[in-house]
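Letters A, B, ... are given to chains in the order of the sequence lines, protein chains preceding strands, and every chain is numbered from 1.
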Amino acid sequence: MLAQIVGISFSVQQDEAFYIPCTHRYLGVPSQIELAKALALLKPVLEDPALPKVGQNIKYDWIVFERHGIKLNGIVFDTMLASYLINPSKRAHNLDQIALDFLDHKTITYEDLTGKKGKNAATFDTVPIEKATPYACEDADITLMACQILNEKLETLGLSKLFREVEMPLVSVLKGMEMNGVTVDKNKLHELSTTFDHQLKTIEQTIYELADESFNINSTQQLGKILFEKLGLPVQKKTKKKTGYSTDVEVLTTLAELHELPKLVLRNRTLSKLKSTYADALMELIHPETGRIHTSFNQTVTATGRLSSSDPNLQNIPIRTEEGKEIRKAFVPRPGWQMLSADYSQIELRILAHYSEDKILSKAFEEEEDIHTRTASEVFQVFPSFITEDLRRQAKIINFGIIYGMSPFGLAKSLNISQKMAKAYIDNYFGRYKGVKTFIERIIEETKQSGQSTTLLGRIRLLPEINSKNVNERKFAERTAINTPIQGTAADLIKVAMIQVENALKSQNMKTAMLLSVHDEMVFEVPPEEIDAATALIKDKMETVWDLNVPLKVNIEIGDNWAAAH
DNA sequence: GGTATCACG
DNA sequence: ACGTACGTGATACCC
């Protein structure tokens with residue numbers, strides 16, 4: 001594949017927020033080539049699209065180089081992404097793991113270099129060059145060797161097209177989003193943090209008075225003792241691992257009817273979550289140079305093909321409550337620009353309609369009906385015009401339950417009805433949506449046969465547990481077999497849409513920038529003169545991304561901040 | 001490092 | 001009889 005092999009390694013100060021390369025520095029370090037000189041030598045090679053390059057987690061290197069004036073071209077293969085497509089359920093897709101799994105080779109680990117691991121490990125710039133060199137060269141060597149093997153495996157598993165046309169092109173899109181970052185209003189976050197803090201102080205005092213002692217409210221252990229031993233409130237359930245009393249939101253909500261203290265603990269939980277996870281953490285992550293927040297979009301984490309976001313996670317910014325929305329209001333566009341949010345409407349239920357070819361479901365989407373009202377009408381046998389808000393709410397929960405492979409027990413719990421009633425609802429559902437029933441039966445049978453789930457674009461997830469003798473394990477796999485093709489296909493489609501939107505924006509030299517991807521939503525910042533063009537372009541590319549048996553629908557909203565664009 | 005909790009789709 | 005809706009990441013506590 002390559003005429004020449006060039007291995008490149010560089011030191012990166014890991015604890016710097018945004019990748020700062022540097023020379024090795026320690027007492028007695030030999031003289032090294034200057035950074036600028038090294039970069040100048042590498043530049044023509046790295047920028048030449050005719051020289052194909054292979055990398056491991058290439059997005060990382062891509063960002064480092066780009067921040068130093070080198071724009072990579074000719075990136076043809078990322079071993080991390082290949083390993084992920086071959087088995088997305090693996091815990092890690094790092095080079096050490098890949099070498100072990102595909103080359104049966106044990107690499108020199110970072111721990112071997114420094115003698116320490118985790119937080120105590122020395123940074124790479126302090127590793128002696130005579131140790132760093134074989135480590136770094138092995139990296140390049142292994143990457144290229146693994147590429148050959150992985151490429152053959154992709155071909156065998158029918159994953160090459162998905163790899164070449166979706167996952168590889170997506171790297172550049174994600175790189176752009178990460179580098180661009182997003183602005184948060186620091187003053188707004190600071191004000192929120194202060195407000196939350198004052199409220200927390202007051203609530204804490206009242207809780208201590210009610211408990212007649214002070215304790216750590218954030219400790220579930222201490223809280224359990226107060227609630228169930230000192231105050232003698234009724235125990236609702238144990239924790240998942242049975243280590244103690246559960247004090248989760250469900251339990252506290254029940255107890256709130258009996259006593260003032262649990263009600264205040266709920267309030268305390270909400271506020272301390274908003275303060276510590278969002279207001280305070282986001283302020284800390286504003287980059288000193290760019291003044292913006294740069295998340296990482298992880299392309300090899302989820303078992304279904306979705307992206308994940310970390311450091312910080314920008315895919316779980318609050319929206320459901322008014323106070324939570326205040327956090328979202330702090331996400332703002334560049335001065336004078338607008339925030340634009342483009343949301344796939346009911347993409348997972350549309351995919352279900354596509355796969356199942358269910359008559360009622362398909363017709364509902366073709367005629368742009370309200371899908372939850374339709375389900376309510378079918379399940380509860382009432383004309384749509386007579387469906388109340390509460391019936392619609394229940395139908396919405398049923399619709400979601402279908403996608404997750406719900407049981408009567410699960411539905412009963414989330415609707416707070418009897419299991420018998422829940423079973424009746426489910427029976428009604430499948431009696432009306434016959435295509436969905438057949439689809440679920442078929443998908444479970446197919447998964448049993450092949451031992452894996454497959455999405456519309458051919459992404460696979462191994463599910464050997466579907467043939468397990470252990471009932472729980474098998475049932476879990478059956479639910480996964482229902483959910484994965486749906487959630488995974490939605491992930492496939494939004495990835496393709498992201499690539500197409502980005503390409504279209506670029507080819508028209510537009511300034512509109514893609515900021516975030518949140519599973520069925522894309523967020524952009526748009527200069528005022530591009531609002532109309534961007535809206536049309538994004539809607540068109542997203543809705544026509546794939547020709548399904550039902551139409552795809554995208555809602556676009558615009559506002560001064562992310563909350564207003566909803 | 002494991003557990004419990006809670007934020008999102 | 002038995003556990004029970006899919007997929008994530010961050011925080012705090014506690015051993």
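Judged as a side chain to side chain donor-acceptor pair (under 3.5 Å), the pairs with a partner in residues 198-208 of chain A (not counting sequence neighbours) are, in order, Asp197(A)-Lys201(A), Gln199(A)-Arg267(A).
Proximity of residues 390-421 of chain A to DNA chain C (heavy atom under 4.0 angstrom from any strand atom) is restricted to Ile397(A), Gly401(A), Tyr404(A), Met406(A), Ser407(A), Phe409(A), Ser414(A). DNA chain C lies under 4.0 Å from at least one heavy atom of each of the following residues of residues 460-475 of chain A: Arg461(A), Asn472(A). Applying a 4.0 Å cut-off to non-hydrogen atoms, the residues of residues 243-254 of chain A that approach DNA chain B are Thr243(A), Ser246(A), Thr247(A), Asp248(A), Val249(A), listed by residue number.
With a 3.5 Å limit on both pairing distances and Watson-Crick or G-U wobble geometry required, the stems of 3 or more pairs in DNA chain C span B:1-9 with C:6-14.
In this structure, CG of Asn268(A) is placed 12 Å from P of dA7(B), rounded to the nearest angstrom. Between the CG atom of Leu266(A) and the P atom of dC6(B) there is a distance of 8 Å, rounded to whole Å. Spacing between atom NZ of Lys423(A) and atom P of dA5(C) amounts to 18 Å, rounded to whole angstrom units. In this structure, the CD1 atom of Ile217(A) is 16 Å from the P atom of dT5(B), given to the nearest Å. Rounding to whole angstrom units, CZ of residue Phe331(A) and P of dC8(B) are separated by 13 Å. Look at CD on Gln487(A): it is 12 Å from C1' on dA5(C), rounded to the nearest Å. Spacing between atom CD1 of Ile426(A) and atom P of dA5(C) amounts to 12 Å, rounded to whole angstrom units.
In this model, a donor atom of one side chain and an acceptor atom of the other lie less than 3.5 Å apart for Asn180(A) and Glu525(A). Ser356(A) and Tyr433(A) share no side-chain donor-acceptor pair at under 3.5 Å.
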For nucleotides 8-15 of chain C, just jot down a letter per nucleotide in 5' to 3' order: B, S or -, based on protein non-hydrogen atoms under 4.0 Å.
-> SBBSSSSS
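Between Lys188(A) and Glu191(A) there is no salt bridge, since no side-chain N of the basic residue sits under 4.0 Å from a carboxylate O of the acidic one.
Taking the nucleotide of DNA chain C with the nearest heavy atom to each of Lys240(A) and Thr484(A), the more 5' of the two is matched to Lys240(A).
Taking only side-chain nitrogens and oxygens, Arg320(A) comes nearer than 4.0 Å to OP1 or OP2 of dG9(B). Distances shown here put a side-chain N or O of Arg269(A) below 4.0 Å from the OP1 or OP2 atom of dC6(B).
Here the side chain of Arg350(A) pairs a donor or acceptor atom with the backbone of Ser345(A) at under 3.5 angstrom.
Across all non-hydrogen atoms, the minimal contact from Arg269(A) to Leu223(A) is NH2-CD2, 3.6 Å.
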